[in-house]
Number of protein chains: 4
Amino acid sequence: MVETTADSDLLDLRKGRPAAGQDPVKRAQIIEGARRVFIDKGFEAASMNDITREAGVSKGTIYVYFENKEELFEALIEEERGTIFKNLYEVLDHFDDLRKTLVKFGMGLSAKITSAKVIQAQRTVVGAADRIPELGARFYERGPKRGHDKVMAFLNQAVERGLLKIDDVDLAAYQFTELCLAGLFRQCIFSYRTKAPTQAEIERVVTSGVDVFLKAYATEKFLAEEKALQSA
Amino acid sequence: MVETTADSDLLDLRKGRPAAGQDPVKRAQIIEGARRVFIDKGFEAASMNDITREAGVSKGTIYVYFENKEELFEALIEEERGTIFKNLYEVLDHFDDLRKTLVKFGMGLSAKITSAKVIQAQRTVVGAADRIPELGARFYERGPKRGHDKVMAFLNQAVERGLLKIDDVDLAAYQFTELCLAGLFRQCIFSYRTKAPTQAEIERVVTSGVDVFLKAYATEKFLAEEKALQSA
Amino acid sequence: MVETTADSDLLDLRKGRPAAGQDPVKRAQIIEGARRVFIDKGFEAASMNDITREAGVSKGTIYVYFENKEELFEALIEEERGTIFKNLYEVLDHFDDLRKTLVKFGMGLSAKITSAKVIQAQRTVVGAADRIPELGARFYERGPKRGHDKVMAFLNQAVERGLLKIDDVDLAAYQFTELCLAGLFRQCIFSYRTKAPTQAEIERVVTSGVDVFLKAYATEKFLAEEKALQSA
Amino acid sequence: MVETTADSDLLDLRKGRPAAGQDPVKRAQIIEGARRVFIDKGFEAASMNDITREAGVSKGTIYVYFENKEELFEALIEEERGTIFKNLYEVLDHFDDLRKTLVKFGMGLSAKITSAKVIQAQRTVVGAADRIPELGARFYERGPKRGHDKVMAFLNQAVERGLLKIDDVDLAAYQFTELCLAGLFRQCIFSYRTKAPTQAEIERVVTSGVDVFLKAYATEKFLAEEKALQSA
DNA sequence: GATGAATGAGAATTCATTCAT
DNA sequence: AATGAATGAATTCTCATTCAT
C-alpha cells in the first residue's frame with residue numbers, strides 16, 4: 001500500500017501533482033494496461049513494450065511505479081485477486097435456509113471462478129508459478145484459502161446449530177467447494193471449455209453438489225425441519 | 001503426427017537409415033531431452049539450446065523432426081499424457097468390493113495427479129494454454145476426459161448391479177473425482193503446496209470422499225451387503 | 001564562464017534572489033555533489049540522478065546552471081584542478097638550500113599527484129579525454145603545465161645563482177618532475193598500485209631523483225658549497 | 001588461449017569449419033572492429049551495436065566469441081599490449097656501445113609509448129581502470145612492468161661490466177624510462193598534445209635523458225672508455 | 001541426413017533531458 | 001526560478017531459427 005504522509009497529502013492538494021510513482025490514477029492506468037497484456041499473453045510472452053503501448057505511458061514511467069516486470073505482475077495479481085473474491089462471501093453472512101444459502105453461495109463461487117476473466121488470470125498465475133512460486137502461493141493464500149476459511153466458519157455455525165454433523169470441517173469445506181466446481185474448473189483452466197459455463201450448467205452442478213453434501217453431512221434435525229418447511 | 005510413406009519405408013529396409021525426421025529412436029531421444037527441460041523450466045524459459053544439449057542431438061536435427069518449439073512441446077505433452085494416465089484405470093476393471101475399489105482407484109488418481117512431476121507438467125500446459133489453447137484442450141481430452149469416461153463406465157456398472165442409484169452419472173463421476181482431490185489439486189498447481197501430499201493425506205481425503213459419495217449415491221442393497229460383510 | 005549582465009546584477013540587489021543559474025552558492029553545491037559522484041564512479045557511470053541526490057538540488061536546477069552532463073563535468077574539473085595544485089608551488093618561493101628545496105617540493109608534488117583522490121580525478125579526465133579532448137588539454141595546461149612553468153622559473157633562478165648549469169631548462173624541468181614520479185605515476189593511473197605510495201616510498205624516489213638531477217646539472221660551485229655546509 | 005584437441009584439429013582440416021567461437025579469422029575480425037570502436041570512443045561510450053557494425057558480424061556471433069563487453073575489451077587490450085611491446089626490447093639484447101644502446105632503446109620506447117595509437121589504447125585502459133581495476137593492473141603488469149624488468153636486467157649487466165654504478169637498480173630503471181619520456185607521456189594522455197611527438201623531439205628528449213642518466217650512474221671506467229673511443 | 005555457427009529481431013532495463021506545474 | 005515526473009532512445013544481451021558445410 002502506498003504510504004502518504006500528511007505533509008505530502010497537503011502538497012498534493014495544493015499542487016495537484018503526485019510524487020514520483022505515487023499517482024494512483026497513473027498506477028491504475030499502468031495496471032490496467034498490464035492486465036490486458038498479461039491476461040492475454042501470459043507472463044513470459046507479455047513484453048514491457050506491449051504494456052507500455054497498452055497502458056499509454058512511457059517505459060520509464062512504468063519503471064518508476066514498479067521495480068520490474070515481476071513486481072508489476074505481482075501488483076496486478078494482488079489487485080485482481082481483490083476484485084475477484086470481493087463480495088463473494090457476503091452470502092454466507094446471512095443464515096436463513098441452509099440449503100438455499102449453500103446453493104446461492106456455491107453458484108456465486110462457481111460462476112466467479114469459472115468466469116473467462118478469472119480463469120485467464122488463474123492460468124497466468126499458474127503459468128508463472130514455476131518461476132515465481134511465492135506468487136502462486138500468495139494468490140492461493142489470499143484468495144481460495146481465505147474463501148475456504150469463510151466456508152469453514154459457516155459450516156461450523158451450521159454444526160453448532162445442529163444442522164450438520166461433520167467430523168473434519170476443514171476437509172468438508174474443501175469437499176463442498178470442489179462439489180460446486182465439479183468438472184468445471186479443470187475443463188476451464190485447460191481450455192477444454194473455451195467459454196465459461198452457463199448459469200444453467202452451474203445451477204445443475206451446484207444443486208447436485210449441495211444434495212450430495214447434505215446427504216453426507218445433514219442431521220436428522222435438519223432433514224425434519226426441511227421436510228416440515230416443504231409441506232407447509 | 002508422423003507420416004511415413006511407402007517409399008521411405010522401403011528406404012528404411014534397404015539402407016537401414018530412416019528418412020529425415022523418421023527415426024523413432026532419435027525422435028524419442030529428442031522428446032526425452034525436451035521433457036527434462038520443459039518440465040524443469042516451463043515452456044518459455046526452456047531454450048532450444050538446453051534441449052539440444054539434454055537430448056544430445058543437433059539443433060538442425062530437432063528442426064527436422066519438429067517444425068518449431070511449440071510443436072515439440074505439443075508432441076512431448078502428447079507423450080507425457082499417455083505416460084501419466086497409463087495403468088491408472090486398471091483398478092476399475094476388477095469389480096470386487098465397491099468401496100474398496102473406489103478408495104483404491106481414488107488414491108491412485110489423487111497420488112498421480114498431485115505428484116510433483118505431473119503437477120509441473122500440468123502447470124506448463126495451463127501456462128501455455130493461453131497461447132496454444134488446443135494444446136490444453138487435447139491434454140484434457142485425452143487425459144482427464146478419458147479417465148472421466150472410465151469412471152462413468154464403472155459407475156454405470158455399479159448402478160446396473162443395484163449398488164448405486166445415480167440420476168446423472170456424468171456429473172456423479174466428476175463429483176467423485178473432485179472429492180478425491182478435495183483441497184489438494186488447487187493447492188498444488190498454485191504452488192501453495194510445494195511438495196506432493198503424503199500417502200496419509202491422500203488416504204484421509206479419499207476415504208472421506210468415498211464416504212460422502214456413497215452416502216449420497218449408495219443403495220439400501222449396497223449398505224445392507226456391506227453391513228453383512230463387516231459383521232461377518 | 002558564467003556571464004552576469006548589469007540587469008541581473010540589479011535584480012540581485014533588488015530582490016535578493018540571483019538570476020537563473022547565477023547563484024554561486026547553489027552552483028558550488030551542485031559542483032560539490034558532482035565531485036563526489038564523478039570522482040567516485042567516473043564520467044559515464046555517474047548518473048545525473050546520483051548528482052541530483054548528492055547535491056540536494058533538483059534535476060531542472062542543474063540544467064539551469066549547466067548545459068549538460070559534459071559541461072558540468074568540465075566545470076568540476078576546472079575547479080578540481082585549482083584545488084589540487086593549490087599551495088603546491090609555495091615551497092619554490094623560498095630559496096634556501098637548493099637540494100633541500102628540491103626534495104621538499106618534489107615530495108609534495110609526488111605525494112599530491114599520486115594521492116588516491118587526484119589519481120582518480122586524473123583517470124576520469126584521461127578517460128574522458130577521447131570524447132572531450134579540450135578538457136584534458138585544459139586540465140594539463142592549467143595544472144601540470146603551470147607547475148612546469150614554476151619549476152622552470154625556479155631552475156632559472158638557480159642557474160642565475162650559479163648553482164646549476166642547464167642548457168635546456170624546459171627539458172630539465174620535465175626531467176626533474178619525472179624523476180620525482182619515477183615508477184609511481186604510471187603504476188597509479190593503471191591501478192597496478194591500488195593504494196597511494198607511502199611517504200617513505202616517495203622519499204626514496206624523490207631523494208634519489210634529486211641526486212640524479214643534481215649529479216647531472218649541479219655546478220662545481222654548488223657542490224663545493226654543499227660540501228662546506230655538511231662539514232660545518 | 002583457445003584450446004584445440006588433436007581431434008578437433010583434424011576435424012578443422014577436414015571440414016574447414018571451426019567450432020563455435022573458435023574461428024581465429026572471425027575472432028580477429030571482431031577484435032579489429034572492437035579496436036576501432038573502443039579506441040575511438042572509450043569503453044563506456046562504445047556500444048556493442050557499433051562493434052557489430054564495424055566488425056561486420058552479427059551481435060550473436062560476438063557473444064559466442066566473447067562472454068560480454070568487458071571480456072571483449074580485455075581480449076582486445078591483451079592483443080593490443082602484445083602488439084605494442086613486441087620487438088621493443090630486442091635492442092637491449094645486443095650490448096655494444098652503452099650510450100648508443102640506451103639512446104636507441106629509449107627512442108624506440110618513447111616513440112612507441114607516445115604514438116597516437118598506443119596513447120589512445122592507454123587512455124581507454126586508464127578510463128576503464130576505475131570500473132575494471134584488474135584490467136589496468138594486468139595491462140601494466142604484462143606491458144610496462146615487463147619492459148621495466150628488461151631494462152633492469154640490462155642495467156645489471158652494465159653494472160657487472162663495471163660501466164655503471166647503481167645502488168638501486170630497480171629505481172634507476174624507472175628513472176631511465178621516465179627520463180626518456182620526460183614531458184611527453186603526460187602531455188599525450190591528457191591530449192594536451194594531439195599529435196605524437198616528432199622523431200626530432202624524441203631524439204632531443206632521449207639524448208638528454210641518457211646524458212642525465214649516465215652523469216648520475218656512469219663509472220670512471222665507462223667515461224674513460226668513451227673518451228678514448230671518441231678521440232679515436 | 002546431420003550439424004552447429006551465424007543470425008538479428010526483440011527482450012528488460014537505464015538515464016540524460018524536457019517541460020508542465 | 002525551481003521542481004521532479006515523465007519521456008523514449010539507447011543499452012546489453014538472449015535465443016528461435018536458418019543454412020552452408
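Throughout, protein chains are lettered first and strands after them, A, B, ... in sequence-line order, and every chain is numbered starting at 1.
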Any side-chain heavy-atom pair of Arg138(C) and Glu74(C) under 4.5 Å: yes

Residue whose nearest DNA chain F nucleotide is more 5′ - Glu67(B) or Asp50(D): Asp50(D)

Per Met48(A) side chain, nearest of listed nucleotides dA16(E), dT12(F), dT13(E): dT13(E)

5′-ward residue of the pair Lys69(D)/Lys59(B) relative to DNA chain F: Lys69(D)

5'-most by nearest nucleotide on DNA chain E - Gly60(B) or Gly60(C): Gly60(B)

Lys69(C) to Phe43(C), cation-pi by 6.0 Å centre distance and 45° axis angle: yes

Atom pair distance, as rounded to whole Å: CD1 in Ile51(C) and P in dA16(E): 8 Å

Greater than 12 external heavy atoms within 6.0 Å of Glu32(A)'s CD: yes

Residue Ser58(C), side-chain heavy atoms: nucleotide from dA2(F), dT7(F), dT18(F) that is nearest: dA2(F)

First of Ile62(D) and Gly56(B) reached from the 5' end of DNA chain E, by closest nucleotide: Gly56(B)

Closest to side chain of Val57(D), choosing from dA16(F), dT3(F), dT7(E): dT7(E)

Nucleotide dA5(F), atom P - distance to CD of Gln29(A) in whole Å: 16 Å

For DNA chain E, stems built from three or more consecutive Watson-Crick or G-U wobble pairs below 3.5 Å: E:2-21 with F:2-21

Rounded distance (Å) that lies between atom C1' of dT7(F) and atom CD1 of Ile30(A): 13 Å

Heavy-atom pair with the smallest gap, counting every atom of Glu54(B) and Gly33(B): CG-O, 3.8 Å

Spacing of Phe38(B) atom CZ relative to dA16(F) atom C1', expressed in whole Å: 11 Å

Spacing between Glu71(D) atom CD and dT12(F) atom C1', to the nearest angstrom: 15 Å

Pairwise side-chain contact, Val125(A) with Phe38(A), heavy-atom cut-off 4.5 Å (strictly under): no

Whether over 12 other heavy atoms sit under 6.0 Å from Glu70(C) CD: yes

Sugar-phosphate, base or nothing in reach of Ala45(D), heavy atoms under 4.0 Å: nothing

Distance, rounded to the nearest Å, where Glu44(B) contributes CD and dA16(F) contributes P: 9 Å

Flag side-chain contact, heavy atom, 4.5 Å: Phe73(C) against Thr124(C): yes

Under 4.0 angstrom between Tyr65(C) side-chain N/O and dA1(F) OP1 or OP2: no

Spacing between Phe66(A) atom CZ and dT14(E) atom P, to the nearest angstrom: 16 Å

NZ/NE/NH1/NH2 to OD/OE distance under 4.0 Å, Arg35(B) and Glu79(B): yes

Touch class at under 4.0 angstrom, heavy-atom based, for Thr61(C) against every strand present: base

Separation of dT14(F) P from Asn49(A) CG (nearest whole Å): 19 Å

Among dA2(E), dA16(F), dT12(F), the one nearest Val64(B) by side-chain distance: dA2(E)

